[in-house]
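Notes for the one structure printed next.
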Protein chains: 2
Amino acid sequence: MDTRTLALDDEAPDVASDDAPATVTEKIEKAVLDLLEDQGVLAGINLNDVARKAQVTRGLVYHHFGDRRGLLRSAIRRRMAASNAAKTTPKKPMPLDERIVHALVATQNAVDTLKLTTLLHLDGSTAPTLMPNAEATLLLLQRDLALGLIQETDDLEALHAIYAALVYGYTLYREVFARDLGLDANDLDKRLQDEIRNIFNK
Amino acid sequence: MDTRTLALDDEAPDVASDDAPATVTEKIEKAVLDLLEDQGVLAGINLNDVARKAQVTRGLVYHHFGDRRGLLRSAIRRRMAASNAAKTTPKKPMPLDERIVHALVATQNAVDTLKLTTLLHLDGSTAPTLMPNAEATLLLLQRDLALGLIQETDDLEALHAIYAALVYGYTLYREVFARDLGLDANDLDKRLQDEIRNIFNK
């Protein structure tokens with residue numbers, strides 16, 4: 001799994017800050033994210049409200065983004081781009097368990113982006129992708145397998161899907177699981193990492 | 001993981017059908033699910049629209065459900081209850097890999113319910129739970145471990161979280177993963193099951 005889209009820091013500065021002059025599109029993208037944050041996702045995206053908050057006309061929102069989905073997609077992409085440069089899937093050889101733990105930590109640091117992306121998927125959108133660089137990642141896993149860093153399997157694509165499901169599923173539902181198990185979420189994080197090492201260590 | 005909340009068949013008959021007289025609450029619950037299905041989740045839940053579709057007053061919707069979240073939670077619970085009886089986590093001793101595959105198939109049969117539940121969680125709701133019977137499931141895993149059906153670990157809670165994350169994560173993102181990998185989703189399902197057996201088989 002390429003973690004480029006995952007390794008996004010939700011602590012990254014907002015695209016449009018109060019200190020810097022924001023372009024119109026940035027202002028609109030910030031408005032939709034702020035509204036979702038303040039009102040919850042069940043309130044949906046109301047383009048009139050977005051326009052009002054961004055102090056632009058509704059027509060301008062349509063002009064730039066087309067519809068709700070286009071607007072949210074664009075806002076997510078900008079947020080991703082803002083913190084994209086430094087963090088990618090480690091290219092160096094790495095035992096599979098450490099690779100999964102690395103992806104998990106990176107994804108948890110971008111949990112807000114994952115939640116927004118999931119909302120888009122629930123709406124039926126096919127983007128953004130969750131494995132933006134699947135081909136390169138599969139080559140990398142083949143290399144690590146040849147080096148003996150991954151336990152024997154002839155299906156690296158299925159393995160890729162399993163570890164992506166685990167990483168994204170845990171990040172998304174972490175707090176629900178911790179509560180259901182009666183555990184502190186930070187403690188569960190540590191125990192999960194150890195158990196990933198137990199299961200995926202060759 | 002207790003699959004009671006998962007093992008729900010989205011092919012189950014609607015709570016309120018056109019042929020049977022529906023109670024008012026059933027009609028309202030059906031209306032909100034139909035609207036989400038028709039208009040997408042980014043449109044949100046508009047209680048005026050729900051009332052109009054259910055042919056009741058908006059006041060009645062508030063009276064019965066309080067708010068959007070209460071309404072959606074109730075609609076999900078009724079849908080769960082409708083197909084809850086027969087399908088639970090298998091109580092008999094079972095190798096871990098087969099238990100995970102069983103949970104995966106049951107969850108995939110209830111993908112619509114998982115998506116609605118995820119929408120509630122994205123809104124900040126803490127219910128419905130995803131491990132409704134965690135204590136009993138942990139006892140069952142302890143028993144299977146003692147019987148040698150699970151590979152050695154001293155952390156069954158973390159193992160539980162890992163397999164729940166894998167099952168829910170895959171069910172939620174299955175189509176995205178298949179597209180990213182350039183595979184048919186049904187083929188990926190089969191390959192994933194085989195790879196689960198490869199990884200979790202003792």
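Letters go in sequence order (proteins before strands), and every chain restarts at 1. Small disclaimer: the values here were computed from a predicted structure and weren't measured.
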Region of E152(A) that comes under 4.5 Å of a non-hydrogen atom in chain B | backbone

Select one option (side chain, backbone, both, neither) describing which atoms of L138(A) are under 4.5 Å from chain B's heavy atoms.
-> side chain

Close side-chain approach of Y168(B) and F177(A), heavy atoms under 4.5 Å | yes

In residues 178-188 of chain B, which residues are in contact with chain A at a heavy-atom separation under 4.5 Å?
-> R179(B), D180(B), L181(B), L183(B), L188(B)

Count the heavy atoms belonging to other residues, nucleotides or ligands that lie under 6.0 Å from CG of D38(B), then report whether that count exceeds 12.
-> yes

Considering only heavy atoms, which portion of L72(A) lies under 4.5 Å from any heavy atom of chain B: side chain, backbone, both, or neither?
-> side chain

Who among D154(B), D155(B), I196(B) has the most heavy-atom pairs with chain A under 4.5 Å?
-> D155(B)

Could you have a look at I45(A), V41(A), L42(A), N46(A) and say which one has the most heavy-atom pairs with chain B under 4.5 angstrom?
-> L42(A)

If you tally heavy-atom pairs under 4.5 Å between each of F200(B), Y173(B), Y170(B) and chain A, the highest tally belongs to Y173(B)

If you count heavy-atom pairs under 4.5 Å with chain B, which of L116(A), L166(A), D67(A), I162(A) comes out on top?
-> I162(A)

Measure R174(A) against the heavy atoms of chain B and call it side chain, backbone, both or neither at under 4.5 Å.
-> neither

Counting only heavy atoms closer than 4.5 Å, note whether E157(A) contacts chain B via side chain, backbone, both or neither.
-> both

Please report the closest heavy-atom contact between A158(A) and R191(B), naming both atoms and the distance.
-> CB-O, 3.6 Å

For chain A, the option from N198(B), L120(B), L122(B) that forms the most heavy-atom pairs under 4.5 Å | L122(B)

Only one of V176(A), L119(A), L172(A) passes side chain to side chain contact (heavy atoms under 4.5 Å, CB included) with T118(B), and that residue is L172(A)

dist Q151(A):CD -> I199(B):CD1 (nearest 0.5 Å) comes out at 6.0 Å

